[in-house]
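First the structure, in the form of structure tokens, and then the observations on it.
Letters A, B, ... mirror the listed sequences (proteins, then strands); counts begin at 1.
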Amino acid sequence: MSDLSTREKIHPGTAPGEDIALEIVGDGDFATTDMTLSIGPAHPATHGVFRIVLELNGERITAARPVIGYMHRGFEKLAEYRDFRQIKALVNRHDWLSGFSNELGVALVVEKMLEMEVPDRAQWIRMLIAEWNRVLNHLMFVGSFALELGAITPMFYAFRERDEIQYLLEAATGGRLHFTYNQVGGLKLDLPKGFLAESVRLSKLTQERLPDYFDLVLGNEIFQARTVGVGPLPPEVALSFGVTGPTLQAAGVPEDSRVTEPYLKYDEVDVPVHLGENGDSFDRFACLLYRIQYSLHIIDQIHDHLPAGPVNTKLPKMVKAPEGAAYQRIENPLGQLGYWLESDGGRTPWRLKMRTPSFSNVQSIPYLLEGMLVPDAISVLGSVFFVVGDIDR
Amino acid sequence: MNVELTASLSPAVFVPAPSAFDLDVAFGITVAIKVAFILALFLVVPLVVGYMEHKAMGRLQHRRGPVAAGPFGTLQLVADGIKFIQKEDVIPAAADRKVFALAPGLALVPAILVFLVLPFGPGVWAVDLELGLFYALAISSVSVLGVMMGGWASANKFSLIGGLRAGAQLIAYELPLILAAIAVAVQAGTLSLVGIVEAQATFTLPGTDLNLWFVFPQILGFVIFFLASLAELSRPPFDMPIADSELVFGYMTEYTGIKFAMYLLTEYAGMVSMSALMVVLYLGGWQLLPGVGLPGCEGAGGMFDCGWLGAIGGVVITLAKILILTFIMVWARVAYPRLREDQLQRLSWLVLVPLSLINLAVIAIAKVVVF
Amino acid sequence: MAGVLARRDRALNPEETEALLREHLGEQVLGSVVEFGTFTCKLAPEGWVEAARLARDEPQLAYDLFDSLFGVDAREEGFDVVAVLYSTSTGNRLVLRTRVPGGRDAPRLASITEIYRGADWMERETYDMFGVVFDGHPGLEPRILTVENFEGWPLRKDFHLASRAAKPWPGVKEPAELDEDGNVIERVPEIGDAPGPYELDKAMAAQAKAVIEQERVEREERERKAAERAAKAAERQARKEAKARAAAEAAAAKAAAAEADADQQPASSDEEDGA
């Protein structure tokens, strides 16, 4: 059988002697065409509606382009049509895994503009719930990152803890995701009876179970093989992108608003921060795990400090922020959340800008992915922690 | 190959061991019984293994596993099967329809055919081929063709990458698998699976009359065989062809309904047949413990020529060993994340292949010098 | 944690920062204000890029963390663009603000993507929301958050919320609860008089803590006992060894003595012989 007829067999549409039109790239004998692989908008690794377009040469990524906006819900516009007190019900929806921290940020920025004194007890309870919220969020990512690397079990372990914490927070706030527990000037209600005792018990329990994650995930040889040295993010690049939170701390930058710009009563407790060395996937994940441990450490201190007193203040019948602009930054579980609130003296904000950590973190993904293999892309996507609602708002 | 050549190659004329199915009845009835036996094994044992996987994974993950369908959820997989049959059979518009439809079948049929030669108890096998081990390994690696066809025909990039990964994985792990199996064949002096069981029942530690299974001298080979068969079956931590967080579901992404179920059944049947091979090659077949024969048996090592009691006991022991091995596979799935494709290749070519060669060399020398 | 705000003591205060910016940018610094603890520096659009570069590169400023960049509607005069910068070494925050030239019809501003990588998406978002075009940006299209064929600039004040056009904002009045007939339920707000921690609460927390304390004490007790046992065992061992050593020494001494005797014996016999 001659060469020509073989070709005919393979490509029936080609006339004898005619060259097959194929775009050949690369050099050497074994040349291949590039392939465009669109991961998402609905894909297991994107946990949400998020798309990333990869240009592949074999399994090596030559370019990556994240496409966002599938979940854009226009919160910034909606906030301009809401009373200052109503915004909190909007903002606890953009990062649905850290609802309490989001509404806390709005409450703090409005209080800043109103120059309002918040009772001590309210501030301590806010810290307590915010730290529990952080633990909840991080446990979710511990599970999902391991799942993306193919380990199914940590997810179930994480949900065991998460469920108990969810019940605890539900007892205080009545919500499981969108707590709406903050109020301008304090909290909606005081803690219910028995909350503290349960909180103490749960903090102890979670600390006892935490070594499981260190052993099962961080100490796992295959996990290490998949993450060590994968997707290193140099500190200056991370800062230039505005990457914050565990992803920045993994690069070795000691930046945590709870330490550098303490809000609430964080200056009265010990806030340890774990720093990574290489900023690779492994360090990012280690920072996440240590943040759980240190959050529980903070929770223990709050149990000791919680004072008596009222939890909210009398609000005027009409809440009107004075003309001007204020910026408040808090350490959200995923990084630094900033609210820029600008008021024209009316009853609704003139402009509310949400500076969300996920938006900035995801920006660094094209930088990280270039030159990687597809499985490493998953390791990077899972360890640059983001929530899709937090990107798109 | 002609008969004379075969005869001239083999030192002695091969006499197949007698099977319980060698009944003195019409040829057609014998064949029908054998086919029914193979199909029954093929349909029941993977279901049991699947149920065990559900339950074991559940318990290892603080869950309860299936509880609703049937007593203790035992009928869950049957319910799943019925659901799969009812599902719409979706074929992507751009797919190569013939290849797409053919692929799951091509993956499934070799999985059934492996069961032909697997001995499950004294006299409980369909055929005792002279080249049983060769046949089992050869036929089980045909499955990957179905996988690659499915990956290509789906007209989906995730499927394509999954299919190619499966092909690469097969090439990488076939070699250590076969090299490990050769060492067993060398030590047993036969390629017949029944012959290998017999060789283990009569193998004693040189200088003593301590009966040993091949797993003891060939522990290295056993570990290599186990790892390589995990990779052959695309079981975690070597499940890159499926890799649900990267490739959605690899070559199975576009499959629905009964075709999807056929791929799943292939996987579970593969777990059973690979475990059965390990039991035969390394764990003494249907022997309860080394040196312990079955009741009512007279043949070599108290393992052959048994009555009904011995046959049933042998089958129970084999199935128990298969369940233990598949449980270890499930355990690995629960405990480990998945490797990366290049790490998998490195593990095979740089670690497993040299180790299996060393294993083969040691066994071959020992066969001549010691055994 | 090492290195937190390493240069906090050398951080410039707002007046010094403004003076430093004025020194380099001159007339392009239009003024500054400290509002609610945030220092905002108003710039002419011509000095926008230069100010960002200065903020990053000037060692005394070192604003390394790019926080955010966004637009604000400035009514008839067009739009403001605001950039928030933060320094991880001094802990200072600087807000740069400029009025975009071009009014509401053709707002254009220079891009700072060359200086801060993070400005890329932030500028795309500002373009998407306000229609501000950034010169020198690698690619403002396709629209980043809204759909590709979306028309209009959503965050401009003249872009009306469709649902609000159909139905007036419920917040025009005070938020009110309605009963089944749609009448407003009048409630006296019960704010400001919430109780402190409950006695039971405190007691239970104390109890839970006592349990932990008890466990800690027991654990320490166990550890102490184990240590004691270990010490005793070590002591016994040492005694045994000492005894053994003494015995060995005694035996050695005896042997030496015997040897000496043996040595002496012939000597003495020699002597005897000699005698």
Side-chain angles (χ1 to χ4, degrees), chain A residues 68-69 72 74 76-78 81-83 86 112-113 121 189-191 193-197 200-201 204 236-237 239-242 244 253-255 259-261 272-273 275 303 306 308-315 317 324-327 336 338 340 342 348 350-351 353 355 359-360 363 367 392, chain C residues 1-5 33 35-38 40 64-68 70 72-73 82 84 86 88 91 93 95 115-118 120-122 125 128-129 142-147 154-155 157 159 161 164 169 171 174-175 189 191-198 200-202 204-205 207-209 212:
Chain A
I68 64 170
H72 180 58
E76 289 174 9
K77 186 73 176 174
L78 290 174
Y81 288 82
R82 294 287 188 284
D83 188 299
Q86 294 174 317
K112 198 184 228 181
M113 290 197 84
R121 181 169 170 82
L189 294 163
D190 201 347
L191 295 176
K193 284 178 186 170
F195 180 91
L196 266 188
V200 169
R201 185 189 72 81
K204 179 167 169 281
E236 61 281 0
V237 177
L239 287 168
S240 178
F241 271 121
T244 48
V253 181
E255 175 57 39
V259 181
T260 54
E261 271 190 309
V273 176
L275 294 182
H303 290 146
L306 195 61
V311 294
N312 45 25
T313 45
K314 246 189 180 65
L315 281 181
K317 189 115 176 89
Y327 186 78
Q336 286 169 11
W340 174 273
E342 197 158 329
T348 58
W350 178 255
R351 173 88 168 98
K353 163 70 186 173
R355 185 263 183 225
F359 187 82
S360 298
Q363 258 199 89
Y367 172 86
D392 296 344
Chain C
M1 189 170 52
V4 183
L5 300 180
V33 60
E35 274 180 326
F36 305 107
T38 308
T40 307
D64 47 359
L65 176 64
F66 181 77
D67 191 292
S68 53
F70 51 91
V72 178
D73 195 303
V82 181
V84 182
Y86 178 79
T88 53
R93 173 168 296 109
V95 177
I115 300 159
Y116 290 107
R117 290 167 189 261
D120 184 350
W121 281 19
M122 297 278 185
E125 189 193 337
D128 193 2
M129 293 293 144
R143 301 184 69 153
I144 188 167
L145 289 179
T146 55
V147 291
L155 277 185
K157 288 287 176 183
F159 185 98
L161 210 55
R164 286 290 162 269
W169 176 44
E174 275 300 294
I191 298 171
D193 49 8
Y198 302 97
L200 180 66
D201 215 24
K202 275 185 185 164
M204 285 173 82
Q207 209 174 359
K209 261 189 199 154
I212 295 174

In terms of heavy-atom proximity below 4.5 Å to chain C, should Gln363(A) be classed as side chain, backbone, both, or neither?
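It is both, since atoms from each part get that close.
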Under 4.5 Å from any heavy atom of chain C, what part of Lys112(A) do you find: side chain, backbone, both or neither?
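Backbone plus side chain of Lys112(A), per the 4.5 Å heavy-atom cut-off to chain C.
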Is it the side chain or the backbone of [X] that comes within 4.5 Å of chain A heavy atoms, both, or neither?
{"X": "Met122(C)", "value": "both"}
{"X": "Thr88(C)", "value": "both"}
{"X": "Arg143(C)", "value": "neither"}

Is any side-chain heavy atom of [X] closer than 4.5 Å to a side-chain heavy atom of [Y]?
{"X": "Lys353(A)", "Y": "Val84(C)", "answer": "no"}
{"X": "Asp64(C)", "Y": "Glu236(A)", "answer": "no"}
{"X": "Val82(C)", "Y": "Tyr327(A)", "answer": "no"}
{"X": "His72(A)", "Y": "Glu125(C)", "answer": "no"}

For chain C, which of Phe241(A), Tyr367(A), Trp350(A), Trp340(A) has the most heavy-atom pairs under 4.5 Å?
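Option with the top pair count is Trp350(A).
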Which of Ala326(A), Gly74(A), Gly242(A), Ala325(A) touches chain C most, by non-hydrogen pairs under 4.5 Å:
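Heavy-atom pair counts peak at Ala325(A).
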Drop me the distance from Tyr86(C)'s OH to Thr260(A)'s OG1, to the nearest 0.5 angstrom.
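One finds 3.5 Å between OH of Tyr86(C) and OG1 of Thr260(A).
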Closest contact, heavy atoms only, Ser360(A) versus Asp67(C)
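Taking Ser360(A) first and Asp67(C) second, the nearest heavy atoms are OG-O, 4.3 Å.
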Exercise: identify the closest heavy-atom pair between Ser240(A) and Phe66(C)
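Ser240(A) and Phe66(C) have their closest heavy atoms at O-CB, 3.6 Å.
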If we ignore hydrogens and angles and just use 3.5 Å, is the side chain of Lys77(A) paired with the main-chain N or O of Pro154(C) as donor and acceptor?
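Here the side-chain-to-backbone pair exists.
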Going by side chain to side chain donor-acceptor pair (under 3.5 Å), name the residues that satisfy it together with Glu76(A), two or more places apart in sequence or in a different chain.
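For Glu76(A), the residues satisfying side chain to side chain donor-acceptor pair (under 3.5 Å) (neighbours in sequence not counted) are Arg351(A), Arg393(A).
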Quick one: which of Thr146(C), Asp73(C), Ile115(C), Asp120(C) has the most heavy-atom pairs under 4.5 Å with chain A, could you say?
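Most pairs with chain A among the choices: Asp73(C).
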In terms of heavy-atom pairs under 4.5 Å with chain A, which of Ser68(C), Pro142(C), Gly91(C) leads?
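It is Ser68(C).
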